[in-house]
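What follows is a set of notes on a single structure, which appears directly below.
Please read these numbers as outputs of a predicted model, since none were measured by experiment. Note on naming: letters A, B, ... go to the chains in the order of the sequence lines (proteins, then strands), and numbering restarts at 1 for each one.
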Amino acid sequence: DAKTTQPTSMDCAEGRAANLPCNHSTISGNEYVYWYRQIHSQGPQYIIHGLKNNETNEMASLIITEDRKSSTLILPHATLRDTAVYYCIVRERGYSTLTFGKGTMLLVSP
Amino acid sequence: DAEITQSPRHKITETGRQVTLACHQTWNHNNMFWYRQDLGHGLRLIHYSYGVQDTNKGEVSDGYSVSRSNTEDLPLTLESAASSQTSVYFCASSSGTSKETQYFGPGTRLLVL
């Protein structure tokens with residue numbers, strides 16, 4: 001069973017913020033939320049991860065709701081190169097394997 | 001810079017042949033993984049290793065094998081290639097620390113005729 005639910009696709013205008021939602025209503029206390037993306041024909045790329053606090057790095061921000069049942073990945077100023085499939089993954093602390101769902105196809109347009 | 005490489009990048013083979021896909025990482029990572037990606041299925045885990053001499057089966061391990069004789073390499077072998085194994089194969093590695101970021105290779109496109 002999928003641990004996360006994401007929209008199949010989203011559109012965003014270049015230069016605008018892209019907000020990608022993820023539902024993980026069955027997340028447990030020791031599970032992290034990870035985000036990866038996959039640009040066409042390339043291997044997946046790590047973006048960011050968090051446990052319960054909001055996180056920010058040079059690529060994106062991750063907002064996790066207080067009840068931890070959902071999160072939002074924010075790309076503050078989307079560019080055409082951000083067009084990719086974005087995967088939200090829940091992973092238990094101490095385990096190394098990742099289970100990928102089908103992700104969200106983000107299309108950034110001029 | 002440290003990296004993870006895969007070879008070959010493209011491979012065409014015939015049904016029944018043995019095929020080995022190479023994966024080499026210079027991160028000195030303990031953990032290595034093999035995934036396959038097919039339309040409609042996303043990435044699925046085939047095998048993984050937590051260190052030298054350690055191997056574990058993933059979600060779709062039937063027809064595949066791996067061996068880990070050193071830290072840098074985790075070759076994936078298709079013992080007798082089948083058309084259902086036509087796919088894009090990705091190798092990944094991670095350090096095994098709590099952050100557990102996986103770094104992926106560029107992929108190998110395999111066509112089994």
Exercise for the section: Measure distances from Arg109(B) to the heavy atoms of chain A and classify the residue's part below 4.5 Å as side chain, backbone, both or neither. Expected result: side chain
Exercise for the section: For Leu39(B), look at atom CG and say whether over 12 heavy atoms of other residues, nucleotides or ligands are found less than 6.0 Å away. Expected result: no
Handout entry: Gap between atom OH of Tyr34(A) and atom OG1 of Thr101(B) - 0.5 Å precision
Key = 6.0 Å
Practice task
Mark yes or no for whether Tyr87(A), through its side chain, and Leu43(B), through its backbone, hold a donor-acceptor pair below 3.5 Å.
Solution key: no
Handout entry: ILVMFWY network linking Leu20(A) to Val108(A), side-chain heavy atoms under 4.5 angstrom
Key = yes
Problem - Path from Ile4(B) to Leu76(B) over hydrophobic side-chain contacts below 4.5 Å - result: no
Exercise for the section: Identify which part of Glu59(B) has an atom lying under 4.5 Å from any heavy atom of chain A, answering side chain, backbone, both or neither. Expected result: neither
Completion exercise
Of Phe33(B), Phe90(B), Tyr35(B), the one forming a ring pair (Phe, Tyr, Trp, His ring centres under 6.0 Å) with Phe100(A) is Tyr35(B)
Fill in the blank from the handout: The interface call for Ser41(A) against chain B, heavy-atom contacts under 4.5 Å, is both
Exercise for the section: Decide whether Tyr86(A) and Phe104(B) are clustered together by the hydrophobic rule: side chain heavy atoms of Ile, Leu, Val, Met, Phe, Trp, Tyr closer than 4.5 Å, transitively. Expected result: no
Handout entry: Heavy-atom neighbours of Ile12(B) CD1 exceed 12 at 6.0 Å
Key = no
